[in-house]
Number of protein chains: 2
Amino acid sequence: MARSPKTAPKGRKLSNFLCFAVYSANLAFGRAYKPLLDKVGLTYTQYIAMVALSDEDEVTVSALGEKLFLESNTLTPILKKLEQTGYIKRYRDPADERQVRLSLTPVGRKLIEQDLSVSLVEATGLGDEFPVVQQTVSRLRDNLLRATKADD
Amino acid sequence: MARSPKTAPKGRKLSNFLCFAVYSANLAFGRAYKPLLDKVGLTYTQYIAMVALSDEDEVTVSALGEKLFLESNTLTPILKKLEQTGYIKRYRDPADERQVRLSLTPVGRKLIEQDLSVSLVEATGLGDEFPVVQQTVSRLRDNLLRATKADD
DNA sequence: TCCGATTAGATCGGATACGATATAAATCAA
DNA sequence: TTGATTTATATCGTATCCGATCTAATCGGA
């Protein structure tokens with residue numbers, strides 16, 4: 001029951017916080033990807049958006065947003081930047097002019113098809129645990145989002 | 001082996017990316033905490049900084065930065081905001097005027113001692129897995145940071 | 001002791017996140 | 001059909017992150 005005087009009586013160790021583990025792991029991923037992405041002139045978020053677009057083409061901004069858990073306020077500037085860089089095209093859907101559809105340019109597709117993340121799999125040091133961790137963290141996310149949406 | 005024509009031949013499903021799982025789980029945590037933190041006028045990052053300070057007091061900016069994996073360029077504005085809000089004190093170390101030391105005010109300490117995160121543990125839906133996930137994600141972070149630091 | 005190198009924070013610019021709001025297109029109801 | 005409502009993006013303000021740079025304080029060697 002001994003306590004050090006300078007430390008909080010109820011001091012909470014940061015390492016006990018799952019949110020901090022996730023927060024800092026996300027920072028770490030960003031830094032790990034940075035040297036790879038710098039070579040192709042992409043940021044971390046831009047890269048994730050490109051991956052989502054490589055999975056399905058011609059999607060609307062809001063459909064992409066559902067995949068990424070983001071909305072137009074965040075996506076629009078990123079997508080404009082990607083268009084400006086020449087990796088994607090943005091165009092109004094003729095059938096519904098409210099919607100903006102997105103597609104990878106040939107350059108963008110070629111870029112995303114050369115798997116930039118391969119070398120990082122081993123950097124995670126997770127080995128066989130990799131798929132389990134991925135699935136568990138995804139489930140964590142889904143549970144949190146569901147719980148957050150529940151009380152509004 | 002059939003492929004839909006509109007989808008990328010080598011399209012990478014976002015769900016296969018561990019980095020995306022972590023990225024989106026971090027967003028989900030931020031949103032889950034938001035209603036709780038709004039009540040006390042803290043942001044997610046400010047809250048994490050407060051937790052770190054409750055764990056150890058009178059630390060320098062760089063020492064806090066080591067815990068949070070952040071540097072002064074990110075921390076200084078956050079700490080100034082926290083000081084302005086009245087939750088922490090910042091002062092130059094008399095023994096070395098280059099260093100700025102940080103401590104929670106009584107108000108700040110009281111705030112952080114009423115555990116705001118308790119209700120979120122169940123929202124993670126992880127049950128008994130909770131400590132394992134926490135430890136695994138932390139290890140993931142450490143491995144990534146080590147690998148990133150290795151080649152510079 | 002003195003001056004160059006190092007160190008600790010702070011500042012600045014670019015790029016996310018996100019709540020609130022604006023705008024334009026589409027829909028719906030009277 | 002027209003005016004009100006809804007929907008899809010976009011814009012704006014605030015708060016992170018982070019690389020690059022600045023400033024002030026300290027250290028170290030000749």
Side-chain angles (χ1 to χ4, degrees), chain A residues 19-20 22-35 37-38 41-50 59-66 68-85 90-102 145 148 152, chain B residues 19-20 23-35 37-38 41-50 59-66 68-85 90-102 145 148-149 152:
Chain A
C19 72
F20 178 68
V22 171
Y23 166 85
S24 52
N26 183 50
L27 292 182
F29 258 120
R31 291 168 198 179
Y33 268 108
K34 184 151 204 319
L37 293 177
D38 275 350
L42 284 177
T43 67
Y44 186 47
T45 309
Q46 287 168 10
Y47 171 66
I48 285 177
M50 294 278 288
V59 294
T60 64
V61 172
S62 50
L64 178 65
E66 277 180 30
L68 302 181
F69 307 101
L70 294 173
E71 292 173 28
S72 70
N73 52 2
T74 301
L75 283 177
T76 297
I78 295 169
L79 296 171
K80 281 187 172 180
K81 176 68 71 173
L82 283 174
E83 179 180 45
Q84 181 181 325
T85 316
R90 296 163 68 244
Y91 56 93
R92 293 279 167 181
D93 186 332
D96 185 343
E97 291 279 345
R98 289 174 304 183
Q99 300 184 122
V100 169
R101 294 198 174 267
L102 311 162
L145 289 177
T148 303
D152 53 351
Chain B
C19 71
F20 178 67
Y23 165 86
S24 51
N26 184 51
L27 293 183
F29 258 122
R31 291 168 198 180
Y33 268 109
K34 185 151 202 317
L37 294 177
D38 275 350
L42 283 178
T43 66
Y44 185 50
T45 309
Q46 287 168 9
Y47 171 66
I48 286 178
M50 294 278 288
V59 294
T60 64
V61 172
S62 51
L64 178 63
E66 278 181 29
L68 301 182
F69 307 102
L70 294 173
E71 291 173 29
S72 70
N73 51 4
T74 301
L75 284 176
T76 296
I78 295 169
L79 296 171
K80 282 188 171 178
K81 176 70 68 173
L82 283 174
E83 181 180 43
Q84 181 181 324
T85 317
R90 296 161 69 242
Y91 55 93
R92 293 278 167 181
D93 186 332
D96 185 343
E97 292 279 345
R98 290 174 304 181
Q99 301 183 114
V100 169
R101 293 199 175 268
L102 311 163
L145 289 177
T148 305
K149 193 167 293 182
D152 55 348

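In what follows, chains carry the letters A, B, and so on, assigned in the order in which the sequence lines appear, proteins first and then strands, with residues in each chain numbered from 1.
- Of the two residues near DNA chain C, B:G30 and A:K81, the one whose nearest nucleotide lies more 5' is A:K81.
- How far CG of A:L42 is from OH of A:Y33: 12.0 Å, rounded to the nearest 0.5 Å.
- When each of A:K34 and B:Y44 is assigned the nucleotide of DNA chain D with its nearest heavy atom, B:Y44 is the one assigned upstream, toward the 5' end.
- Not counting sequence neighbours, the partners of B:T60 by the side-chain hydrogen bond (donor to acceptor under 3.5 Å, both in side chains) test are B:S62.
- You can see that DNA chain D meets the heavy atoms of chain A within a 4.0 Å-exclusive cut from D:dT7 to D:dG19, reading 5' to 3'.
- Considering all non-hydrogen atoms of both residues, A:S72 and A:P77 come closest at O-CD, 4.1 Å.
- Between B:L145 atom CG and A:S24 atom OG the span is 7.5 Å, to the nearest 0.5 Å.
- With sequence neighbours excluded, no residue forms a ring-ring contact (aromatic ring centres under 6.0 Å, His included) with B:F29.
- Considering only heavy atoms from C-beta on, B:D93 stays 4.5 Å or farther from B:E97 through its side chain.
- Screening residues 73-84 of chain A for side-chain hydrogen bond (donor to acceptor under 3.5 Å, both in side chains) gives A:E83-A:R90 as the qualifying pairs, with residues at least two apart or on separate chains.
- Along DNA chain C, the nucleotide nearest to A:N26 and the one nearest to A:D93 differ in position, and the one closer to the 5' end is contacted by A:N26.
- Side-chain atoms of B:L79 and B:V61, non-hydrogen and from C-beta on, do get closer than 4.5 Å to each other.
- Nucleic acid contact class of B:R92 (heavy atoms, under 4.0 Å, all strands): sugar-phosphate only.
- Backbone-only contact: B:R90 has heavy atoms under 4.0 Å from sugar-phosphate atoms and none from a base.
- Of all nucleotides in DNA chain C, those with any atom nearer than 4.0 Å to a heavy atom of chain A start and finish, going 5' to 3', at C:dA15 to C:dA26.
- Each of A:L64, A:T45, A:I48 was checked for a side chain to side chain contact (heavy atoms under 4.5 Å, CB included) with A:I78, and the lone residue meeting it is A:T45.
- For the segment residues 71-80 of chain B, residues with any heavy atom less than 4.0 angstrom from an atom of DNA chain C are, sorted by number, B:S72, B:N73, B:T76, B:K80.
- In this structure, A:Y44 and B:Y23 have side chains that are in contact, with non-hydrogen atoms separated by less than 4.5 Å.
- The shortest side-chain heavy-atom distance between A:F20 and B:L68 falls under the 4.5 Å cut-off.
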